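Given the structure is predicted, the values throughout are model-derived calculations rather than measurements.
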Amino acid sequence: MSRPQRAHYWVAVAMLLASCPVPAAAQTVQELQRQIDELKAQIKALTEAQKGVATAAASTPAVAPVSAPTPQVTASTPAPSPAASPRVAAVAKPPSAHAPWYERMRLRGYTQLRYNAVLDEHEPLSDTGSRLRSVHDASINDDGGFLLRRVRLVLQGDITDRLQLYFQHDFGAAVNNQSSTERRENFGQLRDVYVDWFLDPERRLRLRFGQSKVPFGWENLQSSSNRLPLDRSDAINSGVPGERDVGINAYYTPAPVQAIWDRLTKNKQKLFGNYGAFGVALYNGQGTNRTERNDSLMKVAMATWPFALDGLGPLFEGQVLELGGSAIFNRYRPELRSGGISPISYRDDRVGFHAILYPQPFGIQTEWTTGWGPQYDSGLRMVRSQRLGGGYVQLMTDLGPTPIGRAIPYVRWQRYRGGWKPNVDAPRLETDEWELGTEIQLVEALELTLAYARMERGEADSRRTGRATGDLIRTQLQFTY
């Protein structure tokens, strides 16, 4: 008997009981027995009637309900379709905080082995001390040789459902010997250590505490394991050499932006990493692993937004254009060759913008910056804050699978005029460089980059002036784990 039938049954029993007269004290036992028997008979009849109704209902074919008339859809309010579903990214549910640590944490990393060959140095070492050097690669010199440019190890995972740890060490860093001028390679050095505190279940809004990348410049934020050229550009990287500092950040990523980035990730595009579509931060301002030297903080702001160009026609099917900009306001004290840290906090303010058309299969990427920063003045023979500027333009194409692996050729031109603040005396760099190369993904975890570079560089400080020019063949083998 179903629940409605049982309800009807007990209602009927109650009504029957209520209709029965209350026996008087003078009633005999036989009279009471007669009333009980009548009640039982009525209950039995009611039960059989209920069973008959249920059987008839089960044997009757179901009648389709009358649907309400479908409203007319006008052109101004198109009906939703599966293809026009909301562009909301699927957020993977993090492992439970109660799960074992080996399910919440993972260990990964990558190593880069380089070899540079100078084909021709048109302007060798002169009386002014000019030399062919790069601030990004110590193996570009007269002696050359193999170099472990980066040996990274990353520990990353969820401490709780709302708190995530990121810890990265580099074992390819150089440490100067305290008793001589000989360089020592491959000492451990802290790169990143921070926690992200997610303020919402969807992980759109986060606060970051610790040493992490400064959100200035798209290429600065992109991992070196993911970048096409071997080095970052001088102009963009001059704002934050080493890319990191100690401070606090706030990042926010709207759902439509995350949906486009997820689509690009699925297509194996080289993104800059999720640092939010909008970010603001406060840092010490002295750079990676350097002691704070003044009482001011570096203020940073960044914004970037990807635009899906599918609606512009078949030519732009699947294409994404990302535009954005960033700004730094800081005061910096460089190290002086005359001894110690400068007592003067120099103006270190700059702005930059970026634009990326992701290679599907052809793409273009460019960044430019301008502002003020500390740099050595050869005329006055002192460091002062001066104008700076420069950037790069990069063309690339994704050839997809080839007989030797996925190939992504690229060509980049860069230019910079300004100081390099982490070096002694903040030398002024004058950079003009062409680089033509290709990245070949031999297998999923092994990448080979081959490049030809035409370098024209000047590095002016208290010891040297002038410019050096040379042609190089550059190679890098990267394996990830």
Side-chain angles (χ1 to χ4, degrees), residues 89 108 110 112 136 150 152 154 156 164 166 168 191-192 194 196 203-204 206 208 212-245 249-254 256-281 288 300-308 319-328 350-360 363-369 391-396 398 408 410 412 414 439 447 449 478 480:
R108 60 181 179 85
Y110 65 96
Q112 294 175 342
H136 304 283
R150 293 175 178 88
R152 299 290 175 86
V154 178
Q156 182 180 12
Q164 187 178 79
Y166 188 93
Q168 179 176 212
R191 302 302 289 176
D192 301 274
Y194 60 82
D196 280 342
R203 297 192 168 196
R204 305 295 181 207
R206 73 183 73 179
R208 178 169 294 177
S212 64
K213 284 187 175 181
V214 177
F216 178 81
W218 193 91
E219 189 183 56
N220 271 7
L221 292 175
Q222 187 181 39
S223 171
S224 296
S225 65
N226 211 26
R227 187 180 58 252
L228 274 177
L230 296 182
D231 297 316
R232 293 181 171 91
S233 63
D234 289 7
I236 306 303
N237 198 235
S238 68
V240 194
E243 302 87 55
R244 296 160 175 86
D245 211 321
N249 312 60
Y251 292 120
Y252 174 65
T253 308
V257 172
Q258 188 62 58
I260 296 178
W261 284 344
D262 288 345
R263 189 180 86 181
L264 292 171
T265 301
K266 186 178 180 180
N267 294 338
K268 297 183 178 181
Q269 294 294 323
K270 293 180 175 293
L271 305 183
F272 80 133
N274 191 344
Y275 290 86
F278 305 98
V280 292
T288 307
V300 187
M302 181 202 69
T304 186
W305 196 277
F307 298 89
Q319 293 280 8
V320 174
L321 174 66
E322 186 164 335
L323 302 174
S326 49
I328 284 180
R350 57 195 80 199
V351 296
F353 75 91
H354 60 263
I356 300 96
L357 180 67
Y358 289 91
Q360 302 188 87
I364 183 171
Q365 177 177 322
T366 183
E367 292 188 76
W368 290 86
T369 184
Y392 68 91
V393 178
Q394 176 178 304
L395 304 176
M396 59 274 195
D398 188 350
I408 310 178
Y410 69 91
R412 182 179 72 170
Q414 66 161 312
E439 177 190 281
E447 295 180 357
T449 300
Q478 173 180 292
T480 59

Between R108 and Q156, is any side-chain donor less than 3.5 angstrom from a side-chain acceptor?
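Side-chain D/A pair, R108 to Q156: present.
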
Distance only, no hydrogens: is a donor on one side chain within 3.5 Å (strictly under) of an acceptor on the other, for T304 and E322?
yes

With sequence neighbours excluded, residues passing side chain to side chain contact (heavy atoms under 4.5 Å, CB included) with [X]:
X    : answer
S224 : Y110, Q112, R150, R227, R232
L264 : I260, W261, Q269, L271, V320, Y358, Q360
Y194 : Y166, D192, D196, R208, S212
S238 : R350, Y416, W420

So which heavy atom on [X] is nearest to which on [Y], and how close?
X    : Y    : value
F272 : G276 : CZ-O, 4.1 Å
N249 : P215 : ND2-CD, 3.9 Å
V257 : P306 : CG1-CD, 3.6 Å
W305 : A277 : CE3-CB, 4.4 Å
A303 : F278 : CB-CD2, 3.8 Å

Student check: side-chain heavy atoms of [X] and [Y] closer than 4.5 Å:
X    : Y    : result
V240 : I328 : yes
L228 : Q365 : no
T449 : L230 : yes
F307 : L357 : no

Please answer whether the main-chain N or O of R152 pairs with a side-chain N or O of Q168 as donor and acceptor at a distance below 3.5 Å.
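No, Q168 side chain to R152 backbone: no donor-acceptor pair under 3.5 Å.
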
Check: S326 side chain, G217 main-chain N or O, donor-acceptor pair, under 3.5 Å:
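It does hold such a pair.
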
Using the side-chain contact (heavy atoms from CB on, under 4.5 Å) definition, which of the options Q394, Q414, H136 pairs with S233?
Q414

Separation of [Y] [atom2] from [X] [atom1] (nearest 0.5 Å):
X    : Y    : atom1 : atom2 : answer
T369 : N220 : OG1   : CG    : 9.5 Å
I408 : D398 : CD1   : CG    : 4.5 Å
E219 : Y392 : CD    : OH    : 4.0 Å
R204 : Q258 : CZ    : CD    : 5.5 Å
L395 : R412 : CG    : CZ    : 12.0 Å
R244 : R191 : CZ    : CZ    : 4.5 Å

Pair I236-H354, side-chain contact (heavy atoms from CB on, under 4.5 Å): steps then yes or no:
CA-CA 10 Å; I236 306 303; H354 60 263; over 6 Å; no

Using the rule given for side-chain contact (heavy atoms from CB on, under 4.5 Å), can you reason through K270 versus E439, listing the C-alpha separation, both sets of side-chain angles and the distance that settles it, and then say yes or no?
CA-CA 12 Å; K270 293 180 175 293; E439 177 190 281; 3.0 Å; yes

Test salt bridge (Lys or Arg N to Asp or Glu O under 4.0 Å) applied to D234 - qualifying residues, sequence neighbours left out
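D234: salt bridge (Lys or Arg N to Asp or Glu O under 4.0 Å) contacts with R457.
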
For E367, which residues count as a salt bridge (Lys or Arg N to Asp or Glu O under 4.0 Å) partner, sequence neighbours excluded?
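Salt bridge (Lys or Arg N to Asp or Glu O under 4.0 Å) check on E367 returns nothing, list empty.
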
Hey, what's the ring geometry for Y251 with Y275, parallel, tilted or perpendicular (30° and 60° as the breaks)?
perpendicular

